[in-house]
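The structure under discussion appears below in the form of structure tokens.
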Amino acid sequence: MAARIAVVGGSVAGLSSAILLARRGFEVDLYERDTPPPDDLDDVQQWNRPGAPQTQHPHVFLGLFRKLLRQNLPDVHEDMLAGGVEELPFSCPLAATAPGDEDLLMMAARRTTLEWALHRARGRESRIRYCPGASVQLGDVDNGTLKGIRTAEGDRDYDAVLDATGARSKLGLAFTPVVSDIECGKVYNSRFYVLRDGAERPPLQYGSVSVVDGLGYGAALFYHDRGTFSIDIGRLPEDDAMKKLRDPHAFDRVVAMLEPFRPWFEDGKASPISEVVPMPGLRNVLRGLAPDAPKGYFPVGDRVCLTDPTFGRGLALALAHAVRIAETFAGTEGELAALNVRTTQEQVDYVRPWFDDVVVQDVARTSLWRAAVEDEPWQHLLPDMPPNPFLMIDAEEHDPELGQAARRYVSMLTRTVDTSDIHERIQAIGTSSAKDQAAASAPTYAQVLDALGVGVAV
Ligand SMILES: Cc1cc2nc3c(=O)[nH]c(=O)nc-3n(C[C@H](O)[C@H](O)[C@H](O)COP(=O)(O)OP(=O)(O)OC[C@H]3O[C@@H](n4cnc5c(N)ncnc54)[C@H](O)[C@@H]3O)c2cc1C
């Protein structure tokens, strides 16, 4: 008889794991607290998703995510394209291409559109028993092995339990001690808009995204499916003045100041379809498996590793975890439960370099922003800053190879900007002065406060 798996949490990691396991012959019960998305993609913006509040925020779909999706869930990829998701090139037009560069594309989708497509694939799998509206706890541990799960309807036994309940969940918390936990140094404030029917999409700077790299704040515009797009403005967590961003009028006044975003609003081309939604409390958190964790308990996705959303890595890491679980289980004869120690360590090892890299970038950006907000000198911080890939892309006219290397790294297709003599080349294009220029072309922090109505521009 096929092994029976409980997947707890029906979001990106849980849905992908459930589908991939079912396609390898396992019987899967998928438990999710929230209700499923509406059948009609036109209604997905109104989908109530309290269990994953990040669905109300922009998501970028990087090259690695797209590559993993096409390789492992090609029907989901095709369904997204059929639903109106565009794929936008992210390759340097001036650079010679190398094998793998065909994956330098971003999918322009809402996060809810991805889940909608995953749910359609889930609905096609007869081996998945889907249980929405179920708030799950772990079951009893018997002789060092987790027996299964517990819901309001009682206990059920399984051969393995996947914990895909995300970063905020308390499920299995005692079994997943923190390895590293560092603030992101940013609060997201996001608003969604839609382009008027027939309105032409304005150009974007980086694949599906345009960025304003300010000092003391940052903003990005993300193009999604069906004419929708969203803007996120980030502020420091302690910056109470910038809390005014929650006011939609104040938010739109700041948006109107940001040069790359202006074409999106010319001639009443776009209108808002959401309020401004803040997302405080963002942290980079890496967890491991406790030595006394029971056999049979497998954490995946954000439950293991949470990274600053600014870098757009969470979806790819969650999908990579799902793929690894399915491959490991499918390649195992006999008992699955005892695999959890090795498998979880492999999952941690896989995400660790991406996690460490985000932390380095966050610490650097946060110190720069704090200096700018405190009106202290920040230029002396630049020599110690990690190389900023977007500045390399901006300078690719002078060094296309460096630009292409930066694009591969941003897309997660390589783990570093892996050209030889990188430091010499960065110096040659002068990223410090490029940072000065980028900051100079963005409104100053004081100007942003002024637009919010809480300060006076200097
Ligand atoms: C503001 C923001 C923006 C982001 N932007 C990007 C981006 O641009 N690109 C990118 O790649 N990533 C981005 N991310 C990260 C991405 O959203 C996550 O990495 C991804 O959602 C992880 O998926 P998951 O399935 O592991 O967890 P989640 O999506 O958090 O899902 C957990 C699920 O478990 C359910 N659940 C919880 N507890 C229980 C329980 N006890 N019983 C039953 N169900 C339960 C919840 O309802 C939820 O559906 C962003 C994150 C944030 C916060």
Side-chain angles (χ1 to χ4, degrees), residues 6-18 29-37 47-66 68-69 106-112 114-115 118-119 130-138 149-152 161-173 184 186-190 207-209 220 222 224 230 232-234 277-285 287 299-322 325 347 351 354-355 358 410-412:
V7 176
V8 188
S11 183
V12 179
L15 278 163
S16 308
S17 302
D29 289 354
L30 172 62
Y31 296 91
E32 167 56 44
R33 205 179 255 165
D34 288 352
T35 53
W47 181 24
N48 185 22
R49 192 77 174 85
Q54 69 270 37
T55 51
Q56 296 179 68
H57 293 269
H59 276 62
V60 64
F61 296 74
L62 298 178
L64 177 63
F65 175 81
R66 175 182 173 275
L68 291 171
L69 192 69
M106 290 185 189
M107 297 175 73
R110 284 166 294 177
R111 156 63 188 260
T112 42
L114 167 65
E115 289 197 41
L118 284 167
H119 271 280
Y130 177 53
C131 315
S135 192
V136 172
Q137 293 177 11
L138 296 180
I149 59 108
R150 179 165 296 149
T151 66
V161 177
L162 263 58
D163 181 353
T165 56
R168 284 164 297 275
S169 157
K170 302 257 181 299
L171 197 83
L173 212 54
C184 298
K186 199 188 246 192
V187 171
Y188 258 55
N189 295 274
S190 310
S208 62
V209 184
F222 302 76
H224 305 301
S230 57
D232 141 57
I233 304 178
V277 181
M279 184 76 154
L282 294 170
R283 305 192 68 80
N284 299 295
V285 184
R287 293 176 177 276
V300 290
D302 272 16
R303 198 66 191 77
V304 174
C305 179
L306 184 67
T307 52
D308 183 347
T310 310
F311 299 86
R313 294 178 177 175
L315 294 175
L317 298 179
L319 183 50
H321 273 186
I325 281 282
Q347 306 278 39
V351 297
W354 296 114
F355 176 88
V358 164
V410 168
S411 304
M412 300 178 76

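The residues of the chain are indexed from 1 along the displayed sequence. First listed ligand is number 1; within each ligand, the first listed atom is number 1. Computation of the quantities below employed the complete heavy-atom set of this structure, encompassing side-chain atoms and omitting hydrogens, waters and symmetry-equivalent molecules.
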Evaluate the side-chain proximity of H321 to R303: yes if any heavy-atom separation is below 4.5 Å, no if none is.
no
So how far is it from C305 SG to R313 CZ, rounded to the nearest 0.5 Å?
10.0 Å
Do me a favour and list the nearest non-hydrogen protein atom to atom 20 (C) of ligand 1 with residue, atom name and distance?
R111 NH1, 3.6 Å
Can you name the atoms of ligand 1, numbered from 1 with element, that are less than 4.0 Å from a heavy atom of S11?
25 (O), 28 (P), 29 (O), 31 (O), 32 (C), 33 (C), 49 (O)
Per-atom filter on ligand 1: closer than 4.0 angstrom to a heavy atom of Y188 are 1 (C)
N/O of S135 under 3.5 Å from N/O of ligand 1, yes or no?
no
S11 and E115, any side-chain heavy atoms less than 4.5 Å apart
yes
Show, in sequence, the C-alpha distance, side-chain angles and deciding distance for L317 and M412, and conclude whether the side chain to side chain contact (heavy atoms under 4.5 Å, CB included) test is met.
CA-CA 10 Å; L317 298 179; M412 300 178 76; 3.8 Å; yes
Pick one of side chain, backbone, both or neither for how L62 approaches ligand 1, counting any non-hydrogen atom pair under 4.0 Å.
neither
Those atoms of ligand 1 less than 4.0 Å from some heavy atom in G312
7 (C), 8 (O), 9 (N), 10 (C), 11 (O)
The protein heavy atom nearest to atom 26 (O) of ligand 1 is D302 N, 2.9 Å
If you look at every heavy atom in N284 and V358, which pair is closest and at what distance?
OD1-CG1, 3.3 Å
Residue, atom and distance of the protein heavy atom nearest atom 44 (N) of ligand 1 read R33 N, 3.3 Å
Check whether any N or O atom of R303, backbone or side chain, sits under 3.5 Å from an N or O atom of ligand 1, and answer yes or no.
no
Heavy-atom side-chain proximity of M279 to S190 below 4.5 angstrom
no
Paired with V136, the side chain to side chain contact (heavy atoms under 4.5 Å, CB included) test is passed by just one of T165, D29, I149, namely I149
Could you tell me the residue and atom name of the protein heavy atom closest to atom 47 (O) of ligand 1, and the distance to it rounded to 0.1 Å?
E32 OE2, 2.6 Å
Short version for H59: what comes under 4.0 Å of ligand 1, heavy atoms counted, is both
Considering non-hydrogen atoms of the protein only, which is the closest contact for atom 3 (C) of ligand 1, and what is the distance?
P309 CB, 3.2 Å
Give the C-alpha distance, both sets of side-chain angles, the deciding distance and a yes or no for side chain to side chain donor-acceptor pair (under 3.5 Å) between Q54 and R168.
CA-CA 11 Å; Q54 69 270 37; R168 284 164 297 275; 2.9 Å; yes
Would you mind listing which atoms of ligand 1 come within a distance below 4.0 Å of any non-hydrogen atom of A134?
42 (N), 43 (C)
Can you confirm whether C184 sits close enough to T310 that some side-chain heavy atom of one is under 4.5 Å from a side-chain heavy atom of the other?
no
Note, L315 side chain near R111 side chain (heavy atom, < 4.5 Å):
yes
Ligand 1 atoms nearer than 4.0 angstrom to some heavy atom of H57 are 1 (C)
Checking the N or O distance criterion of under 3.5 Å, is ligand 1 in contact with L282?
no
Within 4.0 Å of some non-hydrogen atom of A164, the atoms of ligand 1 are 32 (C), 33 (C), 34 (O)
Nearest protein heavy atom with distance in Å, relative to atom 41 (N) of ligand 1:
V136 O, 3.0 Å
Indicate the ring-plane relationship of F65 and F61, choosing parallel, tilted or perpendicular according to the 30° and 60° boundaries.
perpendicular
Would you say that M106 contacts V60 through its side chain, given a criterion of any heavy-atom pair below 4.5 Å between the two side chains?
yes
For V12, the ligand 1 atoms whose distance to one of its heavy atoms is below 4.0 Å
25 (O)
Do any nitrogen or oxygen atoms of L315 lie less than 3.5 angstrom from nitrogen or oxygen atoms of ligand 1?
yes
Among all the protein's non-hydrogen atoms, which is closest to atom 27 (O) of ligand 1, and how far away is it?
G166 CA, 3.6 Å
Do the non-hydrogen side-chain atoms of P132 and T35 ever get within less than 4.5 Å of each other?
no
Please give me the minimum heavy-atom distance between P278 and N189, naming the atom from each residue.
CB-OD1, 3.6 Å
With a 4.0 Å cut-off on heavy atoms, is Q137 in contact with ligand 1?
no
Considering heavy atoms of the protein only, find what lies nearest to atom 8 (O) of ligand 1 and give residue, atom and distance to 0.1 Å.
V60 N, 2.6 Å
Can you list the ligand 1 atoms lying under 4.0 Å from a non-hydrogen atom of P58?
3 (C), 4 (C), 5 (N), 8 (O)
